[in-house]
Chemist: 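Could you have a look at this structure, given as structure tokens, before my questions?
The structure displayed is predicted, hence computed values, not measured ones.
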Amino acid sequence: MNGTGVPESGGMRVRIGVLIGYQALLGQCEDAGITDHGLPISAANIRRLACTGDLLPVVLGGAGEILDLGREARSFSSAQRKAIAIRDRGCVVPGCRRPASTNEAHHVKPWLEGGLTSVNNGSSCCAHHHAMVHAGLITLEMINGIPFVIGQAGQPRGDPERNLYWHPELRTSGYTPPLFTD
């Protein structure tokens, strides 16, 4: 692909086996997990990988026995990734020129916090800005089915911003961003 087409996968998903406590995965503590190779990995890295990777929840008993085996339920489907790529056209962070064909689908409201795996909760983010979102340096919000940047570290919170590089038609149409109502 030359960078202008619609992605087939939106980036390859990570598959990694990790043992981590439920509270650590939800961000309630920062205990490290253990990879399937026995190496330590931080809870923050596990949450970041879980955002774009396949997550298979398993509940273990006190002796390590499997009490419940979940299912991989949070990944965006190929059709959802394509729809997000068509809507966003590229990374949603203003000024970024990474095309959708190189980006990852991101849950605006995190899946671990009850966010749906849907086009209306998805955004196209390049790997760099996706990591910044997970680090809390960029805040996204869906407004009328469109992802907007509503905050960036070091910048005062202003009107929601959209990446107009990928939507030049909005520059000349008299488009004004939605205003905050809170």
Chemist: Mind checking what makes side-chain contact (heavy atoms from CB on, under 4.5 Å) contact with V133, not counting sequence neighbours?
Modeler: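 With sequence neighbours excluded, V133 shows a side-chain contact (heavy atoms from CB on, under 4.5 Å) to H106, I138, L140, given in chain and number order.
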Chemist: Quick check for you: to the nearest 0.5 Å, what is the distance between T117 atom OG1 and H107 atom NE2?
Modeler: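 Nearest 0.5 Å value for the OG1-NE2 distance: 3.0 Å.
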Chemist: Identify the two heavy atoms, one from R87 and one from G122, that lie closest to each other, and give their separation to 0.1 Å.
Modeler: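 Between these two residues, the closest heavy atoms are NH2-O, 2.5 Å.
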Chemist: Suppose we screen for side-chain contact (heavy atoms from CB on, under 4.5 Å). Which residues come up paired with D88, at least two apart in sequence or across chains?
Modeler: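 Checked D88 against side-chain contact (heavy atoms from CB on, under 4.5 Å); matches are I84, V92, S123, S124, P147.
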Chemist: My understanding is that only residues two or more places apart in sequence, or in another chain, count here; which of them pass salt bridge (charged side-chain N to carboxylate O under 4.0 Å, His left out) with R98?
Modeler: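 Expected list: none.
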Chemist: Let me see the working for N103 and C126 under side-chain contact (heavy atoms from CB on, under 4.5 Å), right down to the final yes or no.
Modeler: CA-CA 4 Å; N103 293 347; C126 70; 3.4 Å; yes
Chemist: Atom CZ in F148, atom CD in E141: separation rounded to 0.5 Å?
Modeler: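 The CZ atom of F148 sits 9.5 Å away from the CD atom of E141.
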Chemist: Test of understanding: with side-chain contact (heavy atoms from CB on, under 4.5 Å), list the residues that count as partners of S118, not counting sequence neighbours.
Modeler: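 For S118 the side-chain contact (heavy atoms from CB on, under 4.5 Å) partners, ignoring immediate neighbours, are L116, N120, N121.
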Chemist: How would you list, by chain and number, every residue that makes a side-chain contact (heavy atoms from CB on, under 4.5 Å) with H167, sequence neighbours excluded?
Modeler: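 For H167 the side-chain contact (heavy atoms from CB on, under 4.5 Å) partners, ignoring immediate neighbours, are R89, R162, E169, L170.
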Chemist: Is there a side-chain contact between P94 and V149, using heavy atoms and a 4.5 Å cut-off?
Modeler: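 Yes, at least one pair of side-chain atoms sits under 4.5 Å.
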Chemist: Is there a side-chain contact between V93 and Q152 (heavy atoms, below 4.5 Å)?
Modeler: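 Of all side-chain heavy-atom pairs linking Q152 with V93, at least one is under 4.5 Å.
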Chemist: Can you measure from SG (C96) to NE2 (H128) and round to the nearest 0.5 angstrom?
Modeler: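 One finds 8.0 Å between SG of C96 and NE2 of H128.
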